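Written out below as structure tokens is the structure these notes cover.
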Amino acid sequence: MRVVALTGLIATLETPGHRAEAQTVAPPASPSGPAAGNAAAKLSSPDPETGSVVEGAYRNPYFGLSLPLPAGWSEDLAGPPPSPVASYVLEAIEGTKTDRATMLVVGQDLFFGAKPFANIAELAADLSDDFARDPIMTIDRKLAATTIAGHDFLRFDYHAGELYRVWLATELRCHVLSFNITGTDQARVERIARGLDAMSLPPNSGSQPVSADGEQPNPVCIKDYVTKQTVLRRIEPDPVEPRGVNLPVRFIIGVDGRIRHIHVINARPAQRRSIEQALTQWEFAPYLVAGHPTEVETGVLFNFKPTGQ
């Protein structure tokens, strides 16, 4: 059984196969000049999809997450690659033999979603309203705030037929990270949901202290940071076919104003290389926190226009 999800909407597809191998993308040719120092570093940081099950726990270094699997559960088939709107099926966990249930860990980048949600509250309200309007869905618990592992979450429960579901989500690094639990026994689904309290997460973003030298656990996450005021040097990527499609890209700007990590979320290999080669040459004015230069994580959407436009 293969499970596919987009922002909490779950579909089940029957497919044979095996867990996909992690794809490795070759870095572009090394640039010369000021960008040379960043070329090797740009692939050194984890991305949202780099998590995996290791020693009985799902670990995701990008989100700083560690989730012990329930007894008898295991890693299921891999999901699809990130979508053009930066939706991720991060992990599928299977417990059908022990609990007749599954769990899907899903990420949605708030920079590039199909709808312009500013935060998790807007996304969760839209999703729960959609399910409430669906005639085959019954809402068992309305959307409400809760605390999991000392972290702020939103939750709602619903069922269709004999399948009971819990949607639990939090916001990390400008992503909505959701845990979608599905099972045939409502009490077991509730027990699995309560078991999420055993996971470890970084502190809520609002409580992360900034040290005296301006350092903090993760880069500051800022949407639409690429402006005429912040960019000192910008080189456009060479257009690559196919044209006319959106290509979402996240990147981290170091304290020196240069891009130190690039994550081309959804693109063809040639498009990816063109974008990486251009971004390694960009320069930004330093972002200051308490008077100290601080790393920034932001994103940009490329679209190679058709010839003549």
Side-chain angles (χ1 to χ4, degrees), residues 4-7 20-51 62 78-90 106-116 173-175 219 221-228 230-254 257-284 296-309:
V4 180
L6 289 177
T7 320
E21 296 284 337
Q23 293 185 350
T24 301
V25 178
S30 298
S32 58
N38 289 313
K42 72 180 181 59
L43 298 177
S44 62
S45 297
D47 293 321
E49 63 269 41
T50 53
Y62 177 83
S83 77
V85 293
S87 294
Y88 299 83
V89 179
L90 297 171
V106 177
Q108 175 59 59
D109 192 324
L110 289 172
F111 291 171
F112 306 112
K115 296 181 180 180
R173 299 183 71 165
C174 294
H175 290 77
C221 178
I222 304 176
K223 184 177 182 179
D224 298 328
Y225 185 69
V226 179
T227 67
K228 292 181 179 179
T230 60
V231 179
L232 302 180
R233 185 171 189 259
R234 175 169 179 161
I235 305 298
E236 295 299 329
D238 294 329
V240 178
E241 300 291 344
R243 303 193 184 203
V245 296
N246 289 334
L247 306 170
V249 183
R250 271 215 180 209
F251 53 86
I252 297 174
I253 305 166
R258 301 184 188 280
I259 294 177
R260 72 164 184 82
H261 179 72
I262 301 167
H263 181 209
V264 182
I265 297 170
N266 184 285
R268 300 284 182 89
Q271 294 171 326
R272 186 185 308 272
R273 288 191 294 270
S274 176
I275 291 170
E276 289 173 344
Q277 288 170 350
L279 287 178
T280 55
Q281 302 176 69
W282 287 25
E283 297 178 24
F284 290 80
V296 172
E297 184 172 13
T298 189
V300 67
L301 193 66
F302 289 103
N303 189 309
F304 301 140
K305 298 299 182 183
T307 304
Q309 289 190 8

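As the structure is a computational prediction, the values presented were derived from the model and not from experiment. Along the sequence shown, the residues carry numbers beginning at 1. Because only heavy atoms are used, hydrogens play no part in the values below, and waters and symmetry mates are left out as well, while side chains stay in.
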Closest non-hydrogen atom pair between Thr298 and Asp224, with its separation:
OG1-N, 4.0 Å
I'd like to check the salt bridge (charged side-chain N to carboxylate O under 4.0 Å, His left out) partners of Lys115; sequence neighbours left out, ordered by chain and number.
Asp126
Test item: Leu110 and Lys223 side chains (from C-beta on) under 4.5 Å apart, heavy atoms:
no
Please tell me if the side chains of Phe302 and Val240 come closer than 4.5 Å, counting only heavy atoms from C-beta onward.
no
Donor-acceptor pair, Arg243 side chain versus Lys305 backbone, under 3.5 Å?
yes
Taking Arg233 for the side chain and Glu283 for the main chain, is one N or O donor matched with an acceptor at less than 3.5 Å?
no
Between Ile265 and Phe112, what is the shortest heavy-atom contact and its length?
CD1-CE1, 3.8 Å
Test salt bridge (charged side-chain N to carboxylate O under 4.0 Å, His left out) applied to Glu49 - qualifying residues, sequence neighbours left out:
none
Kindly compute the distance separating OH (Tyr88) from CG (Asp47), expressed to the nearest 0.5 Å.
7.0 Å
First locate atom CD of Glu236, then atom CG of Leu279, and finally report the distance between them rounded to the nearest 0.5 Å.
9.0 Å
Heavy-atom closest pair, residues Ile235 and Trp282:
O-NE1, 2.8 Å
I'd like to check Gln271 versus Pro237 (side-chain heavy atoms, cut-off strictly below 4.5 Å). Are they in contact?
no
Can you find a pair of side-chain heavy atoms, one from Pro48 and one from His263, that are under 4.5 Å apart?
yes
If you define the side chain from C-beta out and look only at heavy atoms, does anything of Val296 sit under 4.5 Å from Phe284?
no
Could you report the tightest heavy-atom contact between Gln108 and Ala86, atom names first, then the distance?
NE2-O, 3.5 Å
Min side-chain heavy-atom separation Phe111-Pro248 under 4.5 Å
no
Nearest heavy-atom neighbours spanning Ser274 and Phe304:
OG-CZ, 4.4 Å
Residue Arg268 excluded, over 12 heavy atoms near CZ under 6.0 Å
no
Between Val245 and Pro242, the two heavy atoms sitting closest are CG2-O, 3.7 Å
